[in-house]
Structure formats: C-alpha cells, structure tokens
Trainee: 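Submitted below is the structure of interest, expressed as structure tokens.
Reminder, nothing fancy here: chain letters follow the sequence lines and each chain counts from 1.
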Amino acid sequence: MEDVFARKKARFPYIPGLLAFREGHAIISAIGKLTVAPDLVLIDGQGIAHPEGFGIASHIGVILGIPTIGCAKSRLVGEYEAPGSMKGNWTYLYHRGAKVGAVVRTRSFVKPLFVSPGHLIDIESSVEIVLECTSGFRIPEPLRAADRLSRKLRNDYSGQSPALDK
DNA sequence: GCGACAG
DNA sequence: ATCTTGTCGC
C-alpha cells in the first residue's frame with residue numbers, strides 16, 4: 001500500500017492544447033488503480049472546449065470508456081458573456097459557432113469556472129454535476145481533494161531517491 | 001510582427 | 001503551475 005503512488009516524472013512539457021500528453025498517462029494510470037470503478041470522473045482541464053475539440057477530459061473519457069467532465073480554472077478557447085455574480089449562475093461558452101461548454105459561477109462574486117463535456121455527457125448535466133459537488137469554495141470538492149493529495153505526495157517525496165523517478 | 005495561451 | 005505581498009471576511 002505504498003507504490004500505488006509511485007512517483008512519475010513528467011517527460012513532456014506543458015504546452016497549451018497538449019496537456020493530455022503531459023498528464024494523461026498519470027491520470028489513466030491512477031484511475032486504473034481504483035478498487036471501485038467510478039461512474040464519472042471530474043478532470044482538472046478542458047473537455048471539448050479545446051482547439052481540436054478534444055481536451056484532456058475527452059482523452060480520459062474515450063480511452064477508458066467512462067463519462068468525464070472537464071472543469072478548468074481558466075479559459076483555453078471560446079467566447080462568452082459573463083455569468084451573473086451569484087453562485088449557480090452560468091452562461092454558455094461558444095467556439096467556432098458551436099456551444100462547447102459553460103462558464104459557471106461556483107461561488108458568489110468569485111471568478112467562474114470553465115466547464116465542458118469530456119465524454120458521454122452533455123453541457124447542462126456537466127454544469128449540474130459540478131455545482132452539486134461544490135460547496136463553500138470555488139473549486140469542486142473532488143478537485144480540492146485531488147489537489148491536496150497530490151501536493152502532499154509531491155512534498156513528501158521531494159529530494160528522495162531519484163530511482164523512484166520512473 | 002503582436003497577443004493569447006487548460007496546468 | 002509556482003511565488004509572493006497585502007487585504008478581507010468568517
């Protein structure tokens with residue numbers, strides 16, 4: 001009950017539009033280790049609101065054949081009208097004339113989130129689910145938990161045997 | 001050439 | 001993403 005979090009060194013740089021090539025494997029690998037198959041996975045990044053209409057959430061969903069929602073803290077592509085200031089308010093995100101996602105206010109008077117379908121789900125359901133797992137903070141609880149865990153593991157491993165840098 | 005640009 | 005100073009509200 002240790003190596004399930006074996007350290008992985010990113011071998012691909014962060015390039016807007018190519019996030020899946022940097023973090024895709026680690027995510028798929030992690031999901032593969034779950035003992036309970038998830039009904040749906042929230043991904044920190046874009047779904048179809050992407051230059052090629054296929055962000056990291058789309059990659060994960062298609063490869064694993066499960067529903068996924070892209071939930072990003074900032075915009076990659078698309079135009080939109082600012083949503084109302086209150087929690088729950090949202091507007092559609094458009095790109096090249098098509099609806100590709102939503103700009104969602106997950107907390108009153110705070111910068112909105114960019115939600116877009118990854119796989120096997122539509123825009124409205126994606127917004128509904130993101131809002132359902134958000135309370136008190138701007139970021140949905142599943143992503144907050146993931147951030148806390150990844151940060152702790154990264155700090156705990158820092159400076160340790162480079163041999164773990166598989 | 002200049003500005004935009006998930007994490 | 002990371003770093004960092006100052007301010008705000010519970």
Trainee: Using a 6.0 Å distance limit plus a 45 degree cone around the ring axis, check whether A/K99 lies over the aromatic ring of A/Y94.
Mentor: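 The answer is no; the distance or angle limit is not met.
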Trainee: Give DNA chain C the dot-bracket treatment, 5' to 3': Watson-Crick (N1-N3 with N6-O4 or O6-N4) or G-U (N1-O2, O6-N3) under 3.5 Å, [ ] crossing, | other strand.
Mentor: ..........
Trainee: For A/V115, is there any backbone N or O sitting under 3.5 Å from a side-chain donor or acceptor partner on A/Q46?
Mentor: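 Not confirmed, A/Q46 side chain does not pair with A/V115 backbone.
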Trainee: In terms of hydrophobic clusters joined by side-chain contacts under 4.5 Å, are A/I66 and A/I56 together?
Mentor: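 Looking at the clustering, A/I56 is in the same group as A/I66.
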Trainee: Are A/Y92 and A/E79 close enough that a side-chain donor and a side-chain acceptor fall under 3.5 Å?
Mentor: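 Distance-only check fails for A/Y92 and A/E79.
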Trainee: Nearest whole Å is fine: how far is C/dC8 C1' from A/F109 CZ?
Mentor: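 Going from A/F109 (CZ) to C/dC8 (C1'), I get 15 Å.
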Trainee: Within a strict 4.5 Å, meaning less than it, do heavy atoms of the A/T134 and A/I139 side chains meet?
Mentor: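 Heavy-atom side-chain distance check fails, nothing below 4.5 Å.
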Trainee: Look at the rings of A/F114 and A/Y80 and say which category their plane angle falls in: under 30° parallel, 30 to 60° tilted, over 60° perpendicular.
Mentor: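 Perpendicular.
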Trainee: Donor-acceptor pair, distance only, cut-off 3.5 Å: does the side chain of A/R22 make one with the backbone of A/A10?
Mentor: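 Checking the backbone N and O of A/A10 against the side chain of A/R22, no donor-acceptor pair under 3.5 Å is found.
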Trainee: Just how far is it from atom OG of A/S135 to atom CZ of A/R144, taken to the nearest 0.5 Å?
Mentor: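 The CZ atom of A/R144 is 8.5 Å from OG of A/S135, to the nearest 0.5 Å.
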Trainee: Could you tell me whether the side chain of A/S126 and the main chain of A/D122 form a donor-acceptor pair under 3.5 Å?
Mentor: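 At least one qualifying donor-acceptor pair exists.
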Trainee: Determine, for nucleotides 2-7 of chain B in 5'-to-3' order, which nucleotides have protein heavy atoms under 4.0 Å from the base (write B), from only the sugar-phosphate (write S), or from neither (write -).
Mentor: --SBBB
Trainee: Which stems, defined as runs of 3 or more consecutive Watson-Crick or G-U wobble pairs with both pairing distances under 3.5 Å, involve DNA chain B?
Mentor: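 Counting only runs of 3 or more consecutive pairs, none involve DNA chain B.
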Trainee: Is the shortest heavy-atom distance from the side chain of A/I121 to the side chain of A/I129 under 4.5 Å?
Mentor: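 Yes, at least one pair of side-chain atoms sits under 4.5 Å.
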Trainee: Answer with base, sugar-phosphate or nothing: what part of the nucleic acid does A/R151 contact at a heavy-atom distance below 4.0 Å?
Mentor: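 Nothing, no heavy atom under 4.0 Å.
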